[in-house]
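Naming: A, B, ... by sequence-line order, numbering from 1 per chain. The structure presented is a predicted model; accordingly, all values stated were derived computationally and were not measured.
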2 protein chains.
Amino acid sequence: MDVHGRDLRYFAVVAEELNFTRAAERLFVSQPTLSKQIRMLEKQLGACLFHRDRRAVRLTEVGEALLPHARGTLAAWEAAEAAVEKASAAARHTLVIGMSTSPGRGLLPALRTRLVSRHPDATPVLRQVNWADPSAGLADGSSDVAFVWLPLPDGDRYQYAVVAQEPRLVALPRGHPLAARAAADPEGAVDFVDLLDEPFLALPPQAGPLREYWLALDARGDRAPRIGGVVASAEETHEAVANGQGVALLAVGNAPLVVRDEVIAVPVRGVSPSRLAVAARRNDERPLVLAYLAAAAKAGAGTS
Amino acid sequence: MDVHGRDLRYFAVVAEELNFTRAAERLFVSQPTLSKQIRMLEKQLGACLFHRDRRAVRLTEVGEALLPHARGTLAAWEAAEAAVEKASAAARHTLVIGMSTSPGRGLLPALRTRLVSRHPDATPVLRQVNWADPSAGLADGSSDVAFVWLPLPDGDRYQYAVVAQEPRLVALPRGHPLAARAAADPEGAVDFVDLLDEPFLALPPQAGPLREYWLALDARGDRAPRIGGVVASAEETHEAVANGQGVALLAVGNAPLVVRDEVIAVPVRGVSPSRLAVAARRNDERPLVLAYLAAAAKAGAGTS
DNA sequence: GGACGTCCATAGCCCATGGCTATCACAACA
DNA sequence: TGTTGTGATAGCCATGGGCTATGGACGTCC
């Protein structure tokens, strides 16, 4: 049914040389090995391929019929190998960068510059990922590296470099009572304790620890949050806040995406700052990935 | 470098199903076997072919690039198999019949008729072989069956059926003294003892026992023959006899090919008759070969 | 929330395959 | 007659490619 490509090579060379010993030398195998393999091939095909009378080896009719097809099959496989080589070289030079919302802060161009200075043929590709996946595509392999918010679920499966650490804001409807209070505040901020009774917009349950983080569970003690709705993108968040479904904690970097029209954002005292990191799978040690992480670590050191 | 065709099949089916378990069922192998083989293929190519995140299997870029070539290679091999099948079917139905000179006596059409009555798709092919090879192509495989003169060198390597047994003649120049003596003889014959001092034309040395047979060594006692020349065909024999190089024993069936112009042939008393047989290699038990031998045996029974 | 089903990976076993060396058999040739 | 060249054979060993059993990660359903 199937053949090993090797057997076709063997056959083709023997057919050229018409001499097992010389063919074996060309193929870097021993002559008995070659003899045996050709016999196996003949057995498999149920037909003799070579006449071996004492003196000379020559192709039978069947061998003659097989030869061009054998060469064709070998050529087809070589083309396949070439295609794989080309595609895999492209894959090796492509770095898919996952992100839920643009990290902003000039990070992307900065990291890109550092990456290509080290790997001139690298071609970074940006990929937008839904908030439902806090790993921004790392978990399912659709990203090679990703901008993620810490803490990451299954954190020990990833390696990361923190690139930004900033206070968190809360997004409110412009008419919300707390908006007025913030306006009166010397820092223009609110205290988290004043938010405890507000309904909160939450990430989807799959987000795991990240959902808890943006609900600031650690700052609530044992008081469970009220969930006003589930959101999976900046756009949904804007809508839900504007509609009064609830309020939501925000990273500074994401504020521009949510704040407009009837939605404002004000700083919150009493919650830990948010941390944005570039992450990759821990076992992923491809040069491009490591280079991007290194670039991120440098950028993080500069900004934090 | 090389691939086993099987691995390409495996890959193609997995790429279609995008599910190892189902693919394994279609391929009639266990799922672990399939997994392992695909991994081996990936290792060999040095590139991932499938993304396996928990839930779904899908092709990588490299896999995508390989798939059409894999199919192409498989198709090329299938074409090769078909060509081999066709050629080997033709070979199975072809019977190469070796002969040094036409056996005459209506044997060829008779045997052909019997052969095709048993094997309607058989196509007998006649092949002329030099007298230098007494096995008429059996020894080197260029004939499947052959008309041969007994005794055959390496006789135990062949199976045969005698198809004719006839007195031997001697070919003489028309002006030879023995020609006159034969004309005077009541049977128109000569005695072999009268030929003992004549120079004889002999077959090439490779003909072995057959050379000795046509020199009638057994009828000479210890008197070595004089060799007047070596001949390897009816035409050469005619020329050599006409030129007076020597005389030659002949089978009745071959006389018409040698006798003309200045060469005549007369019966010889005192030598054993010649025996013409259809032979094949002893270990050759292909149906067509056996059928031809059987037909020959029947013909021999009728004529001897 | 626990029991089950699905699906891929791993571990461990077994035999056929494909490689090797050494040697034989046979024809050609010197 | 011995030497050379060539293919086949024998016997050995490592690997490959198959299997079963099992694990682990999700979904799904009650």
Hey, what's the ring geometry for B/F147 with B/Y292, parallel, tilted or perpendicular (30° and 60° as the breaks)? perpendicular

Any side-chain donor paired with an acceptor under 3.5 Å for A/Q31 and A/S35? yes

Between CZ of A/R22 and P of D/dT6 the distance, given in whole Å, is 6 Å

Positions of residues 30-48 of chain A (non-hydrogen atom under 4.0 Å from DNA chain C), listed by number: A/S30, A/P32, A/T33, A/K36, A/Q37, A/M40

Is the shortest distance from a Lys or Arg side-chain nitrogen in B/K36 or B/E42 to a carboxylate oxygen in the other one below 4.0 Å? no

Give the rounded distance in Å between these two atoms: CZ of B/R26 and P of C/dC7. 15 Å

Where each residue is assigned the nucleotide of DNA chain D containing its nearest heavy atom, which of A/F20 and A/H4 is assigned the position nearer the 5′ end? A/F20

Any chance you could measure A/D7, atom CG, to B/H4, atom NE2, to the nearest 0.5 Å? 8.0 Å

Nearest whole Å is fine: how far is C/dT17 P from A/Y10 OH? 16 Å

Please check the phosphate of C/dG18 (OP1 and OP2 only) for any side-chain N or O of A/R6 closer than 4.0 Å. yes

Rounded to whole Å, how long is the line connecting atom CZ of A/R9 with atom C1' of C/dG18? 13 Å

Any Lys/Arg nitrogen of A/E64 or A/R58 sitting under 4.0 Å from an Asp/Glu carboxylate oxygen of the other? no

Looking at A/E61, I'd like to know if its CD atom is crowded, meaning that more than 12 non-hydrogen atoms belonging to other residues, nucleotides or ligands lie closer than 6.0 Å. no

On the 0 to 90° scale, with breaks at 30° and 60°, tag the B/F11-B/F50 ring pair as parallel, tilted or perpendicular. tilted

Rounded to whole Å, CG of B/L18 lies from P of C/dC7 at a distance of 13 Å

Whole angstrom is fine here: how far is it from NE2 in A/H51 over to P in D/dA8? 14 Å

Any salt bridge between A/R71 and A/E78, counting N to O under 4.0 Å? no

Rounded to whole Å, CD of A/E25 lies from P of C/dC20 at a distance of 13 Å

Interatomic distance where CG belongs to A/D2 and C1' belongs to D/dG16 [whole Å]: 15 Å

Taking N or O atoms only and anything under 3.5 Å, show me the protein contacts with nucleotides 2-5 of chain D, one pair per line.
none

With B/R211 as the cation and B/F200 as the aromatic partner, state whether NZ or CZ is under 6.0 Å from the six-membered ring centre and within 45° of the axis. no

